[in-house]
Colleague: 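Before I ask anything, here is the structure I am working with.
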There are 2 protein chains.
Amino acid sequence: MAAARVRSGGRPTLEEVAARAGVGRGTASRVINGSPRVSDATREAVEAAVAELGYVPNRAARALAGNRTDAIALVVPEPETRFFAEPYFSAIVRGVGAALADTEMQLLLTLVGNDRERRRLAQYLTAHRVDGVLLVAVHADDPLPELLEQLGMPCVISGARHAAETLPSVDSDNFEGARAAVEHLVSRGRRQVATITGRLEVYGAQRRLDGYRAAVSAAGLAPDERLIAPADFTEEGGAAAMRDLLARRPDLDAVFVASDVMAAGARQVLREAERRIPEDVALVGFDDSVVARHMHPALTSVRQPIEEMGRRMAQLLLDEIAGRTPGDERPSVVLPTELVVRDSS
Amino acid sequence: MAAARVRSGGRPTLEEVAARAGVGRGTASRVINGSPRVSDATREAVEAAVAELGYVPNRAARALAGNRTDAIALVVPEPETRFFAEPYFSAIVRGVGAALADTEMQLLLTLVGNDRERRRLAQYLTAHRVDGVLLVAVHADDPLPELLEQLGMPCVISGARHAAETLPSVDSDNFEGARAAVEHLVSRGRRQVATITGRLEVYGAQRRLDGYRAAVSAAGLAPDERLIAPADFTEEGGAAAMRDLLARRPDLDAVFVASDVMAAGARQVLREAERRIPEDVALVGFDDSVVARHMHPALTSVRQPIEEMGRRMAQLLLDEIAGRTPGDERPSVVLPTELVVRDSS
DNA sequence: CAGGGTATTGGGAGCGCTCCCAAAGAGGGT
DNA sequence: ACCCTCTTTGGGAGCGCTCCCAATACCCTG
């Protein structure tokens with residue numbers, strides 16, 4: 001029995017645990033990793049040694065020997081203010097954190113600001129420094145997903161990039177959320193329902209517009225392209241779009257806005273135009289952010305289960321990494337939204 | 001010259017880079033790590049080989065051999081909603097990310113929810129899985145800082161825990177921010193200035209109260225403890241405190257609230273009590289969050305340079321890890337705040 | 001021209017773990 | 001009792017890097 005080198009300080013090694021338990025290194029490793037091919041007696045002995053020594057595996061050694069990292073990266077495109085804004089970012093992080101809580105997986109946060117950082121990220125991924133990647137707010141033309149697919153790197157994205165998404169993705173039901181919002185407006189007697197959309201290259205924004213259209217025709221209202229104003233998810237964009245709408249269709253009596261922040265911009269314009277909310281114009285937002293609650297009047301909004309989305313993304317990724325993808329098709333999750341009715345509608 | 005093993009797939013190793021450059025492994029390593037003890041010709045040869053092969057060092061191997069990890073942890077106590085709320089979290093993350101951008105350092109996100117996760121974190125840190133720790137929103141009685149100090153683990157905290165903080169810390173100037181806010185109220189002719197404080201166990205909240213007191217006496221106003229209502233940084237707490245204040249001193253004409261969220265609660269109560277803002281009561285918040293901008297009327301608030309705080313925390317930590325602490329005393333940074341005047345005052 | 005630096009360099013010895021092969025032990029059937 | 005199979009076990013061989021020592025090359029000095 002090889003006596004483990006005596007080490008005064010430092011953390012205990014597997015070798016020491018094995019020596020203490022009176023078994024070989026291989027056996028100790030098997031116990032630590034939960035292999036079934038160990039007798040009960042041995043397992044208990046090793047577990048006791050682990051507890052006595054306070055052994056914690058050395059992650060680096062594990063990664064080196066096992067060719068894995070036990071870490072996943074959450075990649076956040078920093079300029080994408082829509083994502084980085086409240087409540088998206090912290091909620092996603094919370095959800096991911098929750099899903100990872102009783103896992104050995106570490107969460108690496110990677111902010112991608114400019115092109116240089118983007119290249120560094122690509123290098124990172126190529127160097128296999130993580131077992132998988134969570135990609136949020138990817139654009140349809142982002143080369144990153146392709147790169148990941150080529151590398152065979154497990155990956156989950158938030159929000160499908162288009163109808164024929166090939167990557168595993170988690171999304172909220174943008175179509176249904178928008179549809180329900182507009183249906184709600186119609187049920188309150190509104191007849192000239194306009195919409196301010198997000199950037200339509202973003203698939204989710206397109207789906208919200210689709211939902212709007214579906215609800216409009218389901219209600220038997222006359223579709224009118226002049227009631228549709230595209231914007232860019234910013235407050236200023238929302239304001240500009242609202243001005244356009246008022247100019248084109250001054251008779252509108254409701255607006256479904258594809259984000260709360262844009263709704264804030266729209267409300268400002270409506271106030272300046274002296275349209276009362278909700279008496280003259282009803283307003284519904286999307287996201288149910290802090291802004292919605294504190295707007296005056298409080299904004300009716302479509303809530304997305306963002307934290308849950310984070311959790312599901314992480315779970316999907318863990319599955320992907322473990323290789324237990326059920327069928328051949330890519331798992332894609334669509335979570336329901338909820339309409340939170342407040343004073344603006 | 002030992003021929004490097006030919007490997008079809010896979011990433012290139014140091015050994016391969018060395019072979020390609022026609023040098024030894026040690027020399028290649030020296031170049032990669034920027035050692036000055038290499039001739040220019042050799043350096044160039046190695047750099048060329050690195051570029052041609054697209055070599056990226058294997059992090060795990062480095063960590064194992066070098067007994068470091070090139071990673072730091074951002075530890076976030078999840079139940080601490082004050083911190084996790086907008087804008088704190090994302091701004092800190094941004095700042096930290098910016099400071100780390102041209103470093104090899106990785107950012108690990110660790111959410112600490114319950115006691116179990118807390119123990120796991122302690123184990124983590126004991127196992128030296130990171131080179132340093134960024135601790136945000138620590139309570140004065142949190143055992144974590146002590147643990148870190150015992151382990152000799154570099155650490156920076158956001159917000160001193162008390163006047164005699166021993167750890168390197170980054171903070172905004174809570175005292176001066178509060179003082180300036182109250183001074184502003186006084187300069188607008190307010191004479192009965194009340195305050196709603198955060199939880200006073202939080203040192204920052206205490207400092208804000210100190211700043212309030214300083215401004216009150218500097219203005220020659222009569223200090224009155226009935227004008228001071230403690231709360232807990234929540235909207236409901238702010239509302240309750242506002243009710244207390246109105247009951248005790250119905251003649252108050254201004255309130256300095258130690259956070260925007262509490263200010264939102266207070267505003268609600270003032271509206272119910274039919275006090276106009278700012279005509280009857282002027283309101284000033286703290287944080288300059290989204291809530292402040294969208295409140296009605298828009299809330300005057302004290303802005304903290306949170307992103308900059310994140311950046312400085314990271315820099316301090318990197319210094320600490322590099323061991324180049326200038327003197328013996330712990331570096332502690334206090335950043336200035338800025339009063340953003342809006343319609344509520 | 002010898003002697004004693006100083007600047008470079010190569011490569012051995014690990015770091016602590018996983019993988020895997022071969023050996024030892026434990027039954028079971030005939 | 002013997003052979004064969006299945007289970008359990010030990011430990012060698014790396015994973016790719018850093019650290020460091022010894023070797024070599026080069027340069028002054030007297």
Side-chain angles (χ1 to χ4, degrees), chain A residues 1-7 9-46 49-50 53-70 104 127-129 131, chain B residues 1-7 9-46 49-50 53-70 104 127-129 131:
Chain A
M1 198 165 302
R5 224 177 0 275
V6 175
R7 312 176 352 125
R11 299 134 255 156
T13 69
L14 224 210
E15 194 86 50
E16 289 167 345
V17 168
R20 175 113 185 189
V23 302
R25 182 171 27 81
T27 304
S29 173
R30 250 160 267 151
V31 173
I32 305 277
N33 293 292
S35 159
R37 323 185 61 61
V38 187
S39 71
D40 289 350
T42 305
R43 180 184 315 283
E44 278 160 30
V46 174
V50 165
L53 262 34
Y55 171 76
V56 182
N58 179 314
R59 217 184 179 81
R62 236 186 195 170
L64 182 56
N67 196 39
R68 56 178 178 153
T69 64
D70 286 343
E104 276 295 275
H128 281 270
R129 289 204 185 147
D131 293 341
Chain B
M1 201 164 303
R5 225 177 359 275
V6 175
R7 311 175 355 124
R11 302 132 255 158
T13 68
L14 224 211
E15 194 87 48
E16 289 165 346
V17 169
R20 176 113 185 189
V23 301
R25 181 170 27 82
T27 303
S29 172
R30 249 159 267 152
V31 173
I32 305 276
N33 292 290
S35 157
R37 325 184 60 60
V38 186
S39 71
D40 288 350
T42 306
R43 181 186 314 284
E44 277 161 32
V46 174
V50 166
L53 262 33
Y55 171 75
V56 182
N58 178 312
R59 216 184 180 78
R62 242 188 190 169
L64 182 56
N67 195 40
R68 53 176 182 155
T69 63
D70 286 344
E104 276 294 274
H128 282 268
R129 287 199 187 151
D131 292 341

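In what follows, every heavy atom counts, from backbone to side chain, and hydrogens, waters and symmetry copies are set aside. All chains are named by letter (A, B, ...) in the order of the sequence lines, taking the proteins before the strands, and each is independently numbered beginning at 1.
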Colleague: Rounded off to whole Å, could you give me the CZ-to-C1' distance for the A:Arg68 and C:dC19 pair?
Modeller: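 So the CZ-C1' distance, A:Arg68 to C:dC19, works out to 12 Å.
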Colleague: Would you give me the side-chain donor-acceptor pairs under 3.5 Å for residues 55-63 of chain B, sequence neighbours excluded?
Modeller:
{"residue": "B:Asn58", "atom": "OD1", "partner": "B:Ala60", "partner atom": "N", "Å": "2.8"}
{"residue": "B:Asn58", "atom": "OD1", "partner": "B:Ala61", "partner atom": "N", "Å": "2.9"}
{"residue": "B:Arg59", "atom": "NE", "partner": "B:Gln106", "partner atom": "OE1", "Å": "3.4"}
{"residue": "B:Arg59", "atom": "NH1", "partner": "A:Tyr124", "partner atom": "OH", "Å": "3.4"}
{"residue": "B:Arg59", "atom": "NH2", "partner": "B:Asp70", "partner atom": "O", "Å": "2.7"}
{"residue": "B:Arg59", "atom": "NH2", "partner": "B:Glu104", "partner atom": "O", "Å": "2.6"}
{"residue": "B:Arg62", "atom": "NH2", "partner": "B:Asn33", "partner atom": "OD1", "Å": "3.1"}

Colleague: Looking at every heavy atom in both B:Ala28 and B:Ala18, which two are closest together, and how far apart are they?
Modeller: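 Minimum heavy-atom contact is CB-CB, 3.9 Å.
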Colleague: In whole Å, I'd like the distance from the CZ atom of A:Arg59 to the P atom of C:dG16.
Modeller: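 Spelled out: CZ on A:Arg59 to P on C:dG16 is 17 Å.
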Colleague: For B:Arg43 and B:Val38, which heavy atoms make the closest approach, and how far apart are they?
Modeller: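 Result for this residue pair: NH2-O, 3.5 Å.
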Colleague: A:Arg62 near the nucleic acid: base, sugar-phosphate alone, or nothing, with a heavy-atom cut-off under 4.0 Å?
Modeller: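 Since only primed, P, OP1 and OP2 atoms lie under 4.0 Å of A:Arg62, the category is sugar-phosphate.
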Colleague: Could you list by number each residue of residues 29-44 of chain B showing a heavy-atom separation from DNA chain D of less than 4.0 Å, or answer none if no residue does?
Modeller: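 Heavy-atom cutoff 4.0 Å gives B:Ser29, B:Arg30, B:Asn33.
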Colleague: Considering all heavy atoms of both residues, which atom of B:Thr42 and which atom of B:Val23 are nearest to each other, and what is their separation?
Modeller: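 Residues B:Thr42 and B:Val23, closest heavy atoms: CG2-CG1, 3.8 Å.
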Colleague: Give me the atom names and distance for the closest heavy-atom approach of B:Thr69 to B:Arg129.
Modeller: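 Taking B:Thr69 first and B:Arg129 second, the nearest heavy atoms are CG2-O, 3.3 Å.
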Colleague: Calculate the interatomic distance between A:Leu64 atom CG and C:dG14 atom C1'; express it in whole Å.
Modeller: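 From A:Leu64 CG to C:dG14 C1': 12 Å.
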Colleague: Would you kindly give the CD-to-P distance between B:Glu15 and D:dG14, to the nearest whole Å?
Modeller: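 That distance rounds to 13 Å.
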Colleague: Using whole Å, report how far CG of A:Asn67 lies from C1' of D:dG16.
Modeller: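 In whole Å, D:dG16 C1' lies 11 Å from A:Asn67 CG.
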Colleague: Which nucleotide in the list C:dG10, C:dC17, D:dC17 gets nearest to the side chain of B:Val23?
Modeller: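 Closest nucleotide among those given: C:dG10.
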Colleague: Where the side chain of A:Glu44 meets the backbone of A:Ala41, is there a donor-acceptor pair that is under 3.5 Å apart?
Modeller: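 Checked: no pair found.
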Colleague: Holding to salt bridge (charged side-chain N to carboxylate O under 4.0 Å, His left out), I want the full list of residues that pass it with A:Arg25, two or more places apart in sequence or in another chain.
Modeller: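 Testing A:Arg25 for salt bridge (charged side-chain N to carboxylate O under 4.0 Å, His left out), a comparison that skips the adjacent residues, returns A:Glu15.
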Colleague: In whole Å, I'd like the distance from the CD atom of B:Glu16 to the P atom of D:dG16.
Modeller: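 In whole Å, D:dG16 P and B:Glu16 CD are 8 Å from each other.
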Colleague: To the nearest 10 degrees, how far apart in direction are the end axes of the helix from C:dC1-D:dG30 to C:dT30-D:dA1, each fit to five base pairs?
Modeller: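 About 40°, once rounded to a multiple of 10°.
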Colleague: Only pairs at least two apart or in different chains count here, so list each salt bridge (Lys or Arg N to Asp or Glu O under 4.0 Å) that has a residue in residues 31-41 of chain A.
Modeller: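 Sorted pair list comes back empty.
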Colleague: Between P on C:dC15 and CG on A:Leu14, what's the gap in Å once rounded to a whole number?
Modeller: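 From A:Leu14 CG to C:dC15 P: 14 Å.
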Colleague: Considering residues at least two apart in sequence or located in another chain, which fulfil the side chain to side chain contact (heavy atoms under 4.5 Å, CB included) criterion with A:Ala65?
Modeller: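 A:Ala65 satisfies side chain to side chain contact (heavy atoms under 4.5 Å, CB included) with no other residue.
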Colleague: Please determine, for the side chain of B:Arg25, which listed nucleotide (D:dC19, C:dC17, D:dG16) has the closest atom?
Modeller: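 Looking only at heavy atoms from C-beta outward on B:Arg25, the closest nucleotide is D:dC19.
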